[in-house]
Amino acid sequence: MQSSSSYESFRSVNTSGEELHNGNPNVDIEKNAASSSNLEHTLTQFPYNVAQDKTPIKDSTVEVVDSLSLHTIPYSCFTKWQVLTIFLIVIYIGFLGPMSGNIYIPALLLLQQEFKVSTTVINSTVSVFMGVFAFGPLFWGVFADVGGRKILYIISLFLMVVVNILLATMPANIVSLYVLRVAQAFGSSSVMSLGAGTVTDLTKPTHRGKAIAYFMLGPNLGPILAPIFAGLILMHGEHWRWLFGFTSILGGIALLLVIIFLPETLRCKVGNGDPGWEGFPGINGIQTEDGLNPVTNPHHKKWKFFADVGKFKPATDCEDFKELYPSPPKFNLKLYWKLVCILPVTLSSIATAFLFANYYAFSVTLSHYLKENYHMSILQIGACYVCPGISMILGSQTGGHLSDYLRKRWLKRHDGKQYPLELRLVLQIPGILLNTLGCIGYGWAIQKHYPLAVVLVFSGLNAFGLTWCSNTTMTYLTELLSRRAAGAVALSSMFRNIAATISSAIIIKFTEMIGVGYSFTILGLCNIVALVFNCYIIKYNGIWQNKVKHI
């Protein structure tokens, strides 16, 4: 038996497509070859196609007993139903974060009276929430890429439940409200980075765009349903405490789902989820073919309840596992600075931040003008948010699926070449233009008192363009920095939440100074910066992905 590691044997394989993408040898090899593997359940439709990556790989350098060779190692050994269940759980958790922030907004006038404070003071509790929501993911993202996903889900959801119970039962004290809103935002801020990391764990890049789109159903539904929930709760009385009580109940359900059903998925800990990795001695330690050998005989991961609670150690210490599923470097304070210094990460994040600034400026003003200009009730105002909400879902889904389709078509036309990841961002150009049109059109529709239908059409274009672009940004970042997927998404979320915080804080004053139409025209024209940044990244496509894969 020759002393060669499995990882080195992968490096010698002549594959077409993308070899060793970000240190993962079987991430995205586009190759149509027959396989003798027993994994005949390769899946074809989401969520069923995200779990498997049938990549026939032959290795002439490793011989075990009777010339046993390395062959198919699936990207993920979780079954289609396990993947579906995991996605449903993280989609639901992703819904809770934005819902926690948005369910509070319709009750601001009521809370102002209850806490006996000025409009500025009560509105600042929203700004505080958004500010913490911007920086909180940086904490969760770093440890999610090193320590594990499940333990952080448990910690953040437990914090969310406890804080919401305190918010629902505390006396009407403004200092307590500020402190608890900070804690609430911190607990809720984990959902984006942890969710994006989980999607990356289970989904090969070929289907990453649509997988991110499905995950974003949760965060996109939060701003849609939260005003409706608030309207229903407040419809028959001033029961503002039930806003937090309702949120704590939803958080408690999520916590139980995670503890009971959710397995650990972090690849540097569990690999592709194959149970054969547990205690695996490595290729060179095998003397006979083992039925649980993850290299020669992959198996599905069996579903276990209450599994992986507090699990930190990798499934095995063998070098083959470490080379196939490398751990990122340990956290230090310079990590995020390193990520910021990666030009496409910063430029794409800032570009998306401009679109978020537009959308949140629209979001906080819509309820104000619907009440002042169209004399609508809280429940009617909440129903109006359904239009941009549906547009957000449509933008994310169509953008994600189209991004994967264009990627697949490019690889088919350029057989044997590495896909330039920056081409994912080409779709951002029409998305930015739609967002700009919606932003400017909404401002003038409000100023000119156009019919409500016109206002909602422009708001829909704004929201559609936003999620069309944000989906491709997240997909691009999780591919570019696959070992730091949660951290990269957390950093991008910081940029966009800062932009949202600033725009939502100043937009009302801005509109009072120069008018609604001119205010949103200026905001819309700021998208030119986003357009320039994306065009620059696309122009120099393919040069960054091989330089940053070891971060």
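Residue numbers start at 1 and run along the sequence shown. Being a predicted model, the structure only gives us computed values, none of them experimental. Keep in mind that the numbers below use all heavy atoms, side chains included, and drop hydrogens, waters and symmetry copies.
- With sequence neighbours left out, the side chain to side chain contact (heavy atoms under 4.5 Å, CB included) criterion links Glu512 to Ile508, Lys509.
- Contact of the Pro263 side chain with the Phe78 side chain is registered, since non-hydrogen atoms from C-beta on lie closer than 4.5 Å.
- For the pair Lys338/Val345, no side-chain contact is recorded, criterion being any heavy-atom separation below 4.5 Å from C-beta on.
- Using modelled atom types, no side-chain atom of Asn435 and backbone atom of Gly431 make a donor-acceptor pair closer than 3.5 Å.
- Partners of Ala361 under the side chain to side chain contact (heavy atoms under 4.5 Å, CB included) rule, at least two apart in sequence or in another chain, are Ser503, Ile507, Phe520, Leu523.
- Under the side chain to side chain donor-acceptor pair (under 3.5 Å) criterion, Thr501 pairs with no residue, sequence neighbours left out.
- For residues 115-136, there are no salt bridge (Lys or Arg N to Asp or Glu O under 4.0 Å) pairs, not counting sequence neighbours.
- Here the side chain of Asn527 pairs no donor or acceptor atom with the backbone of Ala530 at under 3.5 angstrom.
- Every residue was checked against the side chain to side chain donor-acceptor pair (under 3.5 Å) condition with Thr200, not counting sequence neighbours, and none meets it.
- For Phe139, the CZ atom counts as densely surrounded, since its 6.0 Å shell holds more than 12 non-hydrogen atoms of other residues, nucleotides or ligands.
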Could you go through residues 215-227 and list every donor-acceptor pair under 3.5 Å that involves a side-chain atom there, pairing it with any protein atom two or more places apart or in another chain?
unit_1 : atom_1 : unit_2 : atom_2 : d
Asn220 : ND2    : Met216 : O      : 3.1

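- No donor-acceptor pair closer than 3.5 Å links the side chain of Arg496 to the backbone N or O of Ala353.
- Counting only distance, with no hydrogens or angles, the side chain of Ser348 and the backbone of Pro344 share a donor-acceptor pair below 3.5 Å.
- When all heavy atoms of Ile91 and Tyr214 are compared, the closest pair comes out as CD1-O, 3.3 Å.
- Contact of the Ile342 side chain with the Thr346 side chain is not registered, since no non-hydrogen atoms from C-beta on lie closer than 4.5 Å.
- To the nearest 0.5 Å, the span separating OG on Ser492 from CE on Met192 amounts to 8.5 Å.
- Judged by distance alone, the side chain of Asp404 and the main-chain N or O of Gly209 form a donor-acceptor pair under 3.5 Å.
- Residues meeting the side chain to side chain contact (heavy atoms under 4.5 Å, CB included) test with Ile514, sequence neighbours left out: Phe510, Tyr518, Ser519, Ile522.
- For Tyr153, the side chain to side chain donor-acceptor pair (under 3.5 Å) partners at least two apart in sequence or on another chain are Thr198.
- Summarising the geometry of Ile165 relative to Ser248, their closest heavy-atom pair is CG1-CB, 3.9 Å, with the distance given to 0.1 Å.
- Identified under the salt bridge (Lys or Arg N to Asp or Glu O under 4.0 Å) test for residues 149-176, with sequence neighbours left out: Asp145-Arg149, Arg149-Asp201.
- No side-chain donor from either of Asn462 and Asn358 sits under 3.5 Å from a side-chain acceptor of the other.
- No side-chain heavy atom of Thr352 sits under 4.5 Å from any side-chain heavy atom of Phe495.
- Gln428 and Thr473 form a side-chain donor-acceptor contact under 3.5 Å, judged by distance and modelled atom types alone.
- A heavy-atom distance below 4.5 Å is not found between the side chains of Val191 and Trp140.
- Residues Asn164 and Leu180 fail the side-chain proximity criterion, which asks for heavy atoms closer than 4.5 Å.
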CA sep, side-chain torsions, deciding dist, call: Ser188, Phe133, side chain to side chain contact (heavy atoms under 4.5 Å, CB included): CA-CA 7 Å; Ser188 303; Phe133 203 77; 3.8 Å; yes
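- Counting all heavy atoms, side chain and backbone alike, Ser363 lies closest to Tyr385 at O-OH, 2.5 Å.
- Donor-acceptor pairing under 3.5 Å is lacking for the side chains of Thr472 and Ser403.
- Under the ring-ring contact (aromatic ring centres under 6.0 Å, His included) criterion, the residue pairs touching residues 98-120 are Phe115-Trp240, with sequence neighbours excluded.
- Checked for salt-bridge contact, Glu479 and Arg424 meet the test: a charged N lies under 4.0 Å from a carboxylate O.
- Between Phe261 and Phe305, the ring centre distance stays below 6.0 Å.
- Glu264 contributes a side-chain N or O that, together with a main-chain N or O of Leu266, makes up a donor-acceptor pair within less than 3.5 Å.
- A side-chain donor-acceptor contact under 3.5 Å links Thr521 and Trp444.
- Counting heavy atoms from C-beta on, the side chains of Leu250 and Phe95 come closer than 4.5 Å.
- Under the side chain to side chain contact (heavy atoms under 4.5 Å, CB included) criterion, Ser391 pairs with Ala463, Phe464, not counting sequence neighbours.
- For an aromatic pair to be called close, the ring centres must be under 6.0 Å apart, and Phe362 with Tyr359 satisfies this.
- Every side chain to side chain donor-acceptor pair (under 3.5 Å) that Ser156 has, sequence neighbours left out, goes to Ser190.
- Proximity of the aromatic rings of Phe229 and Phe246 is defined here by a centroid distance below 6.0 angstrom, and this criterion is met.
- Evaluated for a side-chain contact (heavy atoms from CB on, under 4.5 Å) with Val258, the options Ile151, Ile89, Leu152 yield exactly one hit, Ile89.
- Between Val455 and Cys384, the closest side-chain pair of non-hydrogen atoms is not below 4.5 Å.
- Aromatic pair Phe135/Phe186: centroids not less than 6.0 angstrom apart.
- Side-chain contact of Thr511 with Tyr369: a donor-acceptor pair under 3.5 Å is present, judged by distance alone.
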